[in-house]
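Side-chain atoms are counted along with the backbone in the values below, which use heavy atoms only and exclude waters and symmetry mates. Each chain gets a letter, A, B and so on, in the order the sequences are listed, and its residues count up from 1.
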Amino acid sequence: SQQGEEDPQALSIQEGENATMNCSYKTSINNLQWYRQNSGRGLVHLILIRSNEREKHSGRLRVTLDTSKKSSSLLITASRAADTASYFCAKGGYGGATNKLIFGTGTLLAVQP
Amino acid sequence: DTAVSQTPKYLVTQMGNDKSIKCEQNLGHDTMYWYKQDSKKFLKIMFSYNNKELIINETVPNRFSPKSPDKAHLNLHINSLELGDSAVYFCASSQEGGWNSPLHFGNGTRLTVT
């Protein structure tokens with residue numbers, strides 16, 4: 001089965017509300033990355049959190065990592081209509097150059113103005 | 001300036017044809033990739049090159065052949081196109097291996113095989 005499964009699959013909120021997306025994985029990771037994909041565009045990297053880190057912030061984004069539960073969450077505070085996009089987590093494992101970044105199935109976030 | 005650019009943006013072709021997608025990055029990265037995104041938005045790696053050398057070759061039909069003339073370019077040639085090849089293909093690059101550093105993606109090539 002795939003690593004990096006997101007939950008929920010879809011989320012609809014009002015502008016100004018917070019949005020939380022979760023990501024679970026099965027095997028140990030070196031790092032976990034979050035990406036955003038706007039419709040018809042490529043993925044844009046948001047945050048990389050390493051396995052020895054518990055929390056990282058970037059502007060209105062907050063990512064947490066719980067390695068004991070093999071899960072991560074992405075919180076977007078004070079959401080805006082422009083945050084409407086798909087959000088993906090991706091797991092980076094160990095093992096060097098032949099290791100792959102494995103993407104999850106994504107959460108589709110719709111922020112209503 | 002676009003960091004990772006791929007052409008064409010749209011590609012519509014018939015079954016059995018051969019087509020190519022080109023990718024260039026101006027970030028000075030050592031590693032480049034091809035990813036395939038299906039209709040359910042699932043993103044799967046196809047190939048990875050580091051300094052023109054093939055590093056990762058997933059279980060992709062050998063109708064798909066990547067070529068890296070230099071570390072700034074990674075092209076994808078597809079022979080004998082099939083209906084199931086319809087998808088969005090993304091080129092990406094990273095400074096180190098993508099398992100350890102952020103990926104920078106192009107805007108994708110939407111391939112439709114009829």
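Within residues 36-45 of chain A, the residues having any heavy atom less than 4.5 Å from a heavy atom of chain B are, in residue-number order, Q37(A), G40(A), R41(A), G42(A), L43(A), H45(A). Contact residues of residues 46-63 of chain A toward chain B are L48(A), R50(A) (heavy-atom distance under 4.5 Å).
M15(B) and I21(B) fall within the same hydrophobic cluster, where Ile, Leu, Val, Met, Phe, Trp and Tyr residues are linked whenever their side-chain heavy atoms come under 4.5 Å apart, directly or through other members. Both L81(B) and V60(B) are assigned to one and the same hydrophobic cluster, defined by single-linkage of ILVMFWY side chains at heavy-atom distances under 4.5 Å. Clustering ILVMFWY residues whenever any of their side-chain heavy atoms sit less than 4.5 angstrom apart, transitively, puts L11(B) in the very cluster that holds V113(B).
Neither the backbone nor the side chain of Q6(B) comes within contact range of chain A, judged by heavy atoms closer than 4.5 Å. For I45(B), the part lying under 4.5 angstrom from a heavy atom of chain A is the side chain only.
For Q112(A), the CD atom is densely surrounded, since the number of other residues' heavy atoms within 6.0 Å is greater than 12. K22(B) NZ: 12 or fewer foreign heavy atoms inside a 6.0 Å radius. More than 12 heavy-atom neighbours from other residues, nucleotides or ligands sit within 6.0 angstrom of CZ on R63(B). When the shell of 6.0 Å around CD of Q14(A) is examined, it contains more than 12 heavy atoms from other residues, nucleotides or ligands. Around atom NZ of K9(B), more than 12 heavy atoms belonging to other residues, nucleotides or ligands sit under 6.0 Å away. Within a 6.0 Å radius of CD in E17(A), other residues, nucleotides and ligands contribute more than 12 heavy atoms.
The salt bridge (Lys or Arg N to Asp or Glu O under 4.0 Å) test applied to K36(B) returns no partner, not counting sequence neighbours. A search for ring pair (Phe, Tyr, Trp, His ring centres under 6.0 Å) contacts involving Y35(B) returns F103(A), F105(B), not counting sequence neighbours.
F88(A) and K41(B) make their closest contact through CE2-O, 3.5 Å (heavy atoms, listed as atom of the first residue, atom of the second, distance).
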So L101(A) and Y33(B), side chain to side chain contact (heavy atoms under 4.5 Å, CB included) or not? Walk me through it. CA-CA 11 Å; L101(A) 193 62; Y33(B) 313 81; over 6 Å; no

